[in-house]
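Worksheet: one structure, shown below.
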Amino acid sequence: MEVIVMRGIKIFLTLGIACIVGVATGQVIQADSISRLKKNVHGKEVFQVNNPDRKKSPFTGMTRRHWKEAGLYLLSGAFSYVHQLNDPMKFPKQPGKSYPRNTGQVAVEKLEGLCRTMFIAGPLLKEQPDLELNGIEVGDYYRHQLSMLVDPQSDTYIAPRAANGGPSQTLVEFGGLAASLLTSPEIFWDPLSGEVKERLAKTMLSYGDGPTIGMNWRYFNILILSFYKSRGYTVNENLLKDLVEKSLSQYDGQGWYNDSPYYDYYSMWAFQMYGKIWSEYFGKKYYPEYSARLEKNFNDLQDNYPFMFSRKGEMIMWGRSISYRMGAAVPFPLMGLSPRPNVNYGWMRRIASGTILQFLERPGFLQDSIPTLGFYGAFEPAVQSYSCRGSVFWLGKLFLGLLIPSQSPFWTAAENEGAWQDELQKGNVYNKYADKSNLLITNYPDIGASEIRAWCFSKTVGVYQGTENYTRLSYNSAFPWQADGINGEVSMAYVYKSGQTSWEALRMYTFKKYADGVYYRDAVFASNENVKLNLAEITLPNGILRIDRNTSSVASQIRLGHYALPAVSQALKERTLSVRGYKVKIVDNGIYQLALVPLCGWNKSETVYSKGLNPVSDKSVVINVENTFDPSSDRDDIYGTLMLWKKSGEKWKNDELVPVTNINYSKGSGKVVLTFVNGQKKTIEF
């Protein structure tokens, strides 16, 4: 018999019959059980929104109650591996590069599972202290596991940092643990014995007072030192203040922190989320000046971050650690900690709830009851070697939103579509430029998609550096990035044939400017810096117009790819049209159509079918173009390319497929004058 306790009531599941017995009164009431939070889609389990509230949340149906149910749904999967208090949060390893790869990594693997599931457990336990899952008292389990961390006889024991020990994954997890201790001390800290508290403080402070990495990792030290200072322990305050100041110095405006040197979701789920939590639960009391600066930076993200999500609240697949998924939306509920009149809370909740459903309603998201390493499902090209299966519960940070009181406008405002409702009109395209971070966020109302162009410059390929996480020319919420193939298959990137058979993607971009609606970058190939391009792109209501210049001083074979389409509801289709003398290739997967029009400079255009490269489906299709460049030739060195899209079933107009009537290139001046069918002109100045 499975017993679940929710808000002072026990749910007994026996013989498939669910009933609730009031602990205080003994009253029996029919109720939904955890099994009712699940439904079967194509033979796979997905989350089900029970009794959706279409009045308060007309788009997702989700209210605060449904958020709690979503958290319970995820946490119950983790607890399916816990049968007694000593059992660790250890889950089946996903085949591939993830760890553990040796027995020495198992202890920290267990630590990850423990500390990261606490992001979900803490807020639930604050409202339901006697919560039970799989017959285990959840609060007792975490407190027992914390005592085991400092018991040398335990197989989950974590030793204090060695005198010469450097930054490690243990520091990361203790930083996450400190966040849970800071926000839910009455659950995780106060009930511990004095001896366990002292041992835990000694161990955690040995890491918090130790070396770190000059990026978002500083927050792990900050949180550890801050929690123990708040509890009366003597900590290294000079280090604490120095790390806060250095983190603040990484702020580049409009909500974006520079993560030495990347911009990605770490700006939000590390810098912004931790900064907000630190300020609210510690900084306002102890360091009000730092707190005020962090609050201002947090408030700035309203400028463009909501526009990075699709009309339905879907996040873009972009950057490393993408397996953390919905954690990217955590700033939206945290806006409710300090309500402000100029925030559209109904839109913020619509985005955050939409991001939850983007994944929880996707078949394949869970495997063995645990979220996969990947995006929609398991996807090895997106996995970093520093991740284990428990790493995915970093996504649990979104459920820190349940710390927001139920009377907050984040929960009480009626769900709405914000800018998508009135401001972003169909038939147009909208760009938001962040002028210090050089990020360009684009909204496409015709398909309700969002897109981003961001920083990338990596000479080498590392754990995530120089990989598809950053090297794509742009990233779109409707078209998750596809991995490069060994035969030159490429999606939304340039590749260069660097040997007889090997292809190399561009990964060294230098931003030049954003002017008159044109986004300029220069790019060079890492293996041969004589192969280089000037890049310029213009966003259109239904796609992208690229005007790129090959400035290589050596012969080079170059390929460029459109976004890719996965095979989903029906077979992939393709067709070729001739429009105004141009050859147009179109592919269709029953949801979207993608069209590519080579305007100039390309020798070849082809439709490429792939297996195992796309995060949505094993089979996919992409349109590629190719050129063999000879610097001694008198031919123009300009590549003109239209990358377009529509929803499946919609008809194309000739003016949409070929909106350009003339491309006039002056090789001497480096100017390209474009004439459009509506008579407008635009000049590209390299």
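As the structure is a computational prediction, the values presented were derived from the model and not from experiment.
Ring-centre distance between Trp189 and Tyr228: below the 6.0 Å cut-off. Taking the centre of each ring, Tyr257 and Tyr266 stay at or above the 6.0 Å mark. Outside the 6.0 Å centre-distance limit, the rings of Tyr376 and Phe365 are not counted as a close aromatic pair. Between Phe282 and Tyr286, the ring centre distance stays below 6.0 Å. Proximity of the aromatic rings of Phe47 and Tyr73 is defined here by a centroid distance below 6.0 angstrom, and this criterion is met.
No donor-acceptor contact under 3.5 angstrom links the side chains of Ser408 and Tyr345, judged on distance only. In this model, a donor atom of one side chain and an acceptor atom of the other lie less than 3.5 Å apart for Glu198 and Tyr233. No hydrogens or angles considered: a donor-acceptor pair under 3.5 Å links the side chains of Tyr290 and Glu245. A side-chain donor-acceptor contact under 3.5 Å links Trp256 and Asn304. For the residue pair Tyr274 and Asn216, no side-chain donor N or O sits within less than 3.5 Å of a side-chain acceptor on the partner. A donor-acceptor pair shorter than 3.5 Å cannot be found between the side chains of Asp53 and Thr63. Side chains of Asp209 and Asn221: no donor on one and acceptor on the other come within 3.5 Å. There is a side-chain donor-acceptor pair under 3.5 Å between Trp278 and Ser226. Between the side chains of Glu314 and Ser477, not a single donor N or O lies within less than 3.5 Å of an accepting N or O. Using a 3.5 Å distance cut-off with no hydrogens or angles, the side chains of Asn258 and Ser437 do not pair a donor with an acceptor. Judged purely by distance below 3.5 Å, without hydrogens or angles, the side chains of Asp264 and Tyr470 pair a donor atom with an acceptor atom. Side-chain polar atoms of Ser57 and Arg349 form a donor-acceptor pair below 3.5 angstrom. Remark: the Asn299 side chain and the Arg340 side chain contain an N/O donor-acceptor pair separated by less than 3.5 Å.
In this structure, Arg231 pairs ionically with Asp190, as a charged nitrogen and a carboxylate oxygen lie closer than 4.0 Å. For the pair Lys241 and Glu237, the salt-bridge criterion is not met [side-chain N within less than 4.0 Å of a carboxylate O]. Note on Lys276 versus Glu295: salt bridge recorded, some NZ/NE/NH1/NH2 to OD/OE distance being below 4.0 Å. Using a cutoff of 4.0 Å between basic side-chain nitrogens and carboxylate oxygens, Glu451 and Arg453 are scored as salt-bridged. Here Glu69 pairs with Arg65 in a salt bridge; the nearest charged N to carboxylate O distance falls below 4.0 Å. Salt-bridge check for Glu415 with Lys56: failed, with every basic side-chain N at 4.0 Å or more from each acidic carboxylate O.
We find the CZ-CG distance between Arg507 and Asn469 to be 13.5 Å, quoted to the nearest 0.5 Å. Taken to the nearest 0.5 Å, the OG atom of Ser391 stands 10.0 Å off from the CD atom of Gln384. Atoms OG and CG, on Ser184 and Leu125 in that order, are 8.0 Å from each other to the nearest 0.5 Å. Note that CG of Leu74 is 10.5 Å distant from CG of Leu37, once rounded to the nearest 0.5 Å. Between atom CD1 of residue Ile447 and atom CZ of residue Arg311 there is a gap of 12.5 Å, rounded to the nearest 0.5 Å. Rounded to the nearest 0.5 Å, atoms NZ (Lys246) and CD (Gln250) are 10.0 Å apart.
Considering only heavy atoms from C-beta on, Leu223 stays 4.5 Å or farther from Phe174 through its side chain. Counting only heavy atoms from C-beta outward, the side chains of Gln302 and Asn344 never approach each other to under 4.5 Å.
Enclosure of atom NZ in Lys312 is not indicated, since only 12 or fewer non-hydrogen atoms of other residues, nucleotides or ligands lie within 6.0 angstrom. Around atom NZ of Lys513, more than 12 heavy atoms belonging to other residues, nucleotides or ligands sit under 6.0 Å away.
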Test side chain to side chain contact (heavy atoms under 4.5 Å, CB included) applied to Gln358 and Phe375, step by step | CA-CA 10 Å; Gln358 178 183 1; Phe375 194 60; 3.9 Å; yes

Dump the intermediate steps for side chain to side chain contact (heavy atoms under 4.5 Å, CB included) on Leu149 and Thr203, then the final yes or no.
-> CA-CA 9 Å; Leu149 290 181; Thr203 299; over 6 Å; no

Passes side chain to side chain contact (heavy atoms under 4.5 Å, CB included), Arg64 versus Leu402? Steps please.
-> CA-CA 7 Å; Arg64 194 171 186 275; Leu402 291 170; 4.0 Å; yes

Trace of the ring-ring contact (aromatic ring centres under 6.0 Å, His included) decision for Phe220 with Tyr207 = CA-CA 9 Å; Phe220 305 133; Tyr207 291 90; over 10 Å; no

Steps toward side chain to side chain contact (heavy atoms under 4.5 Å, CB included) verdict (Met335, Phe298) = CA-CA 8 Å; Met335 289 178 180; Phe298 181 84; 3.8 Å; yes

Any chance you could lay out the side chain to side chain donor-acceptor pair (under 3.5 Å) test for Asp300 and Tyr305, step after step, and finish with the verdict?
-> CA-CA 9 Å; Asp300 286 350; Tyr305 194 54; over 6 Å; no

Just do the ring-ring contact (aromatic ring centres under 6.0 Å, His included) check on Trp455 and Phe511 with the steps written out, would you?
-> CA-CA 8 Å; Trp455 185 93; Phe511 174 80; over 10 Å; no

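Of all the heavy atoms in Asn51 and His66, the pair that sits closest is O-NE2, 3.4 Å. Considering all non-hydrogen atoms of both residues, Gln465 and Ser458 come closest at CB-OG, 3.5 Å. Closest heavy-atom contact between Pro445 and Trp420: CA-CZ3, 3.8 Å. Minimum heavy-atom separation, Ile222 to Ser247: CD1-OG, 3.9 Å. Heavy-atom minimum distance, Ser310 versus Gly448: CB-O, 3.2 Å. Pairing each heavy atom of Ala352 with each of Phe410, the nearest pair is CB-CZ, 4.2 Å.
A tilted orientation is assigned to the rings of Tyr475 and Trp318, their planes being inclined by 30° to 60°. Tyr265 and Phe309 have tilted rings, their planes meeting at an angle from 30° to 60° on a 0 to 90° scale.
Partners of Glu361 under the salt bridge (charged side-chain N to carboxylate O under 4.0 Å, His left out) rule, at least two apart in sequence or in another chain, do not exist in this structure. Residues satisfying the salt bridge (charged side-chain N to carboxylate O under 4.0 Å, His left out) test with Lys397, not counting sequence neighbours, are none.
Remark: Arg521 qualifies as a cation-pi partner of Tyr509 under the 6.0 Å distance and 45° angle criteria applied to the six-membered ring.
Each salt bridge (charged side-chain N to carboxylate O under 4.0 Å, His left out) pair with one or both residues in residues 247-263, not counting sequence neighbours, appears once here: Asp252-Lys436, Asp259-Arg320.
Judged purely by atom type and a 3.5 angstrom limit, Tyr262 has no side-chain atom pairing as donor or acceptor with the backbone of Cys456.
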